[in-house]
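If you're wondering where the values come from, they're calculated on a predicted model, not measured in any experiment. Sequence positions, counted from 1, serve as the residue numbers for this chain.
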Amino acid sequence: MTLTASTRPDGGSTAAYDLGPARALSCRECGHQIPLAAEFACPQCFGPLEVAYDFGTVTRESIEAGPKSIWRYRQLLPVPSTVQEHPNTEPGLTRLIKADRLGAALGLRNLWVKDDTGNPTHSFKDRVVAVALAAARELGFSVLACPSTGNLANAVAAAAARAGWDSVVLIPSSLEQAKVLTTAVYDGTLLAVDGNYDDVNRLATELAAEHEDWAFVNVNVRPYYAEGSKTLGYEVAEQLGWRLPEQIVVPVASGSQLTKVDKGFTELGKLGLVEPTPYRVFGAQATGCSPVAKAFEDGHDVVQPVRPDTIARSLAIGNPADGPYVLDAVRRTGGAVAHVSDAEVVDGIRLLARTEGVFAETAGGVTVATAKKLVESGKLDPDAETVLLITGDGLKTLDAVAGQIGPSATVPSTSKAVREALAARGL
């Protein structure tokens, strides 16, 4: 248990926080540390804060004996020891698919797909929200909130409903209707804001300062929230038989997911849970919102903000907070960041669906299409074991394929008509 004298949102002046192995918040830029609290910016240099740990003894056996959710890794997360005692959505332990047919189409001879569409609200955001909610409860908050491009909105609204909390969710007014409905159904407060995600995010930062009992998962409790993405890396390694893949392709929005998967792989190696073998991390963006890919291509360390214009709205963050750290991770590991057009995104969605039976949202199309481009450019090794992260369900972005797919034919109710239609398709 770690002690901090920070003031709690619920009025307590001194709190004993049980956040597992978490011991402090540490600045990613200058290294300055502060006690555990609801803070996201370093008081010395205003750099981003992340969780620092004192890990105890963690074994494969203790993890494997745990629940079939992300809480099997609770010894590696900033969550209370009692996390399982409170109602939560219990995300994680989604399937890892051996994707031989997709691999053949892409030219990758040893390919896996991490299919995170099986989470409670059908995206990886259930992982980060579950960790954020657990930490927020311990920190004394009572309302769960977020700015979102859609998947996070779903996850926050559902997690709050399950926990019996109020929720406040801010979304761009142009968001896909499916994501609006799949947030509104949980009956929290849903506010559509005129503007893009970056406008919504700025508004959320202002509101977080005005409402001290609101836990904005990706603002004032962001250091804890972001750690949930590590569980994707943990699961991939465990499901591969406790080893690291040689290559992994990750979609990039804020960039946090990629950096935390990298952090998860590193932690597993340091703890002796896997052999710390070399791996390469690759980032995937849509051309209409590709500031990190552009910085990588130009050899820059600074990511210049852009105004998003892409069908991949879940990745449409024009000023990605973790962009520079994505560049650090891919360069350190020998990877790359690339981008693909909206047409290629749709092709990627359809290719994954017809080869592996997985219907991904636009972010998944970005990942598949980018992997194809990386193979063709010689950046992905066709013989190396490769994992693609598919982070959301295609039912959320039906507009992306509407008008391009449908019945093979409309026929009269006769067997002759069916035979003719089948013959036209070579069947």
Parallel, tilted or perpendicular: rings of F216 and W214 (30°, 60°): tilted
Pairing residues for K270 by the salt bridge (Lys or Arg N to Asp or Glu O under 4.0 Å) criterion, not counting sequence neighbours: none
Heavy-atom donor-acceptor pair, N218 side chain to P147 backbone, under 3.5 Å: yes
Side-chain heavy-atom pair P320, V303 within 4.5 angstrom cut-off: yes
Salt bridge R162-E90, side-chain N to carboxylate O under 4.0 Å: no
Salt bridge present between D100 and K98 (N-O < 4.0 angstrom): yes
Pairing residues for A353 by the side chain to side chain contact (heavy atoms under 4.5 Å, CB included) criterion, not counting sequence neighbours: none
Straight-line distance of L76 CG to L273 CG, nearest 0.5 Å: 7.0 Å
R313: partners by salt bridge (Lys or Arg N to Asp or Glu O under 4.0 Å), with sequence neighbours left out: E176
Salt bridge R202-D199, side-chain N to carboxylate O under 4.0 Å: yes
Test: K372 and E344 ion pair at under 4.0 Å: no
Closest contact, heavy atoms only, P87 versus R137: O-NH2, 4.1 Å
Spatial distance of atom OG1 (T94) from atom CG (D115) [nearest 0.5 Å]: 6.5 Å
Test side chain to side chain contact (heavy atoms under 4.5 Å, CB included) applied to K379 - qualifying residues, sequence neighbours left out: F282, A336, L374, S377
T266 and Y279 side chains, donor-acceptor separation under 3.5 Å: yes
Ring pair (Phe, Tyr, Trp, His ring centres under 6.0 Å) contacts touching residues 88-139 (sequence neighbours left out): none
Results of salt bridge (Lys or Arg N to Asp or Glu O under 4.0 Å) for E356 - residues two or more places apart only: none
Carboxylate-amine/guanidinium contact D301 R331, below 4.0 Å: yes
